[in-house]
Colleague: 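Here it is: the structure, laid out below.
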Protein chains: 2
Amino acid sequence: MRELFHPNIDQLCLSTILNALGDPIRLQILKNLASQRETTCSCCNINLPKSALSHHFKVLRESGLINVRIEGKQRFLSIRYGELEKRFPGLLNTVIKNI
Amino acid sequence: MRELFHPNIDQLCLSTILNALGDPIRLQILKNLASQRETTCSCCNINLPKSALSHHFKVLRESGLINVRIEGKQRFLSIRYGELEKRFPGLLNTVIKNI
DNA sequence: GAAATAGTTCAATTATATTTGAACTATTGA
DNA sequence: TCAATAGTTCAAATATAATTGAACTATTTC
């Protein structure tokens, strides 16, 4: 695998994003990311088997919330702040403040 | 039935709220409510059997997003703006703006 | 009191999501 | 090249959610 699918900014759908956010584990992941700019999958400090984590990362990525950059053996996750802010102004910041 | 269950403001949980919002039908209901202050269940202009609508109203109510006031044969729905704003500042307005 | 109205609840079905371990891929380092 | 690392994918199991019609409750109106 060389590249992972990331939806385009104008394909993003509010209910899909809110649905991705409407899960305690994924909110926790987001909170971690918000405080760290970029993380690898294994640095999320969430006590779940890696296949379960991988599932949640995929939901976040496919909803458009996070970007996953492949570098060597690792994947670096980051929030798609700028694009999300353009598409849904204020949304992400407000959610993150309220986690 | 005389009263419906409404969670207290400090029992509200962000992931539960986002989960309730993460559905296109419920977002549509919220959008309608946002433009009308108060509506009855049957005035939602959503083409679903009433049992399905009732289900979605319940999800919204139990998450803390809406208030349901019983008056005669009807139930008047409204968004719990003030309380939600206190508990999760900015959240609801941002979501509604972005629907 | 009977019928109409407005909605809820129930039970069954169907659809989606989550969780898991095992097998897999790709990359790095010895 | 071999082993370790970082993560994905698969398939099966389990759990949760959505959808429906029918039966129900409560209220109003005749």
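Order of the sequence lines fixes the chain letters, A, B, ..., with proteins taken first and strands second; residue numbering starts at 1 for each chain. Excluded from the calculations below are hydrogen atoms, water molecules and symmetry mates; all remaining heavy atoms, backbone and side chain alike, are included.
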Colleague: Would you kindly give the CD-to-P distance between B:Gln74 and D:dT29, to the nearest whole Å?
Modeller: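 To the nearest whole Å, that distance equals 11 Å.
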
Colleague: Is the number of heavy atoms from other residues, nucleotides or ligands within 6.0 Å of CG (A:Asn8) greater than 12?
Modeller: yes

Colleague: Rounded to the nearest Å, what distance is computed from the CZ atom of residue B:Arg75 to the C1' atom of nucleotide D:dA26?
Modeller: 8 Å

Colleague: Would you kindly give the CD-to-P distance between A:Glu71 and C:dA26, to the nearest whole Å?
Modeller: 18 Å

Colleague: Are A:Tyr81 and A:Asn93 packed together at the side-chain level, in the sense that at least one heavy-atom pair is separated by less than 4.5 angstrom?
Modeller: yes

Colleague: Kindly write out the residues that satisfy salt bridge (charged side-chain N to carboxylate O under 4.0 Å, His left out) with A:Glu38, not counting sequence neighbours, or none if the list is empty.
Modeller: A:Arg69

Colleague: Take atom CG of B:Leu4 and atom P of C:dA6, then tell me their distance rounded to the nearest Å.
Modeller: 17 Å

Colleague: Between D:dA18 atom C1' and B:Leu27 atom CG, what is the distance in whole Å?
Modeller: 16 Å

Colleague: For A:Arg80, which residues count as a salt bridge (charged side-chain N to carboxylate O under 4.0 Å, His left out) partner, sequence neighbours excluded?
Modeller: A:Glu83

Colleague: Rounded to whole Å, please give me the gap between CG in A:Leu60 and C1' in D:dT8.
Modeller: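 These atoms are roughly 16 Å apart.
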
Colleague: In whole Å, I'd like the distance from the CD1 atom of A:Ile70 to the C1' atom of D:dT8.
Modeller: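 The distance from CD1 of A:Ile70 to C1' of D:dT8 comes to 10 Å, rounded to the nearest Å.
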
Colleague: Please check the phosphate of D:dA18 (OP1 and OP2 only) for any side-chain N or O of B:Arg26 closer than 4.0 Å.
Modeller: yes

Colleague: Quick check on contacts: within residues 33-58 of chain A, what sits under 4.0 Å from DNA chain C by heavy-atom distance?
Modeller: A:Leu48, A:Pro49, A:Ser51, A:Ala52, A:His55, A:His56

Colleague: If I take atom NZ in residue B:Lys73 and atom P in nucleotide C:dA3, what distance separates them, rounded to the nearest angstrom?
Modeller: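 Atom NZ in B:Lys73 sits about 16 Å away from atom P in C:dA3.
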
Colleague: Tell me, yes or no, whether the heavy-atom count around B:Asp10 atom CG, taken from other residues, nucleotides or ligands under 6.0 Å, exceeds 12.
Modeller: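 Yes.
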
Colleague: Which atom pair, heavy atoms only, marks the closest approach of A:Ile25 to A:Ile46?
Modeller: O-CD1, 4.1 Å

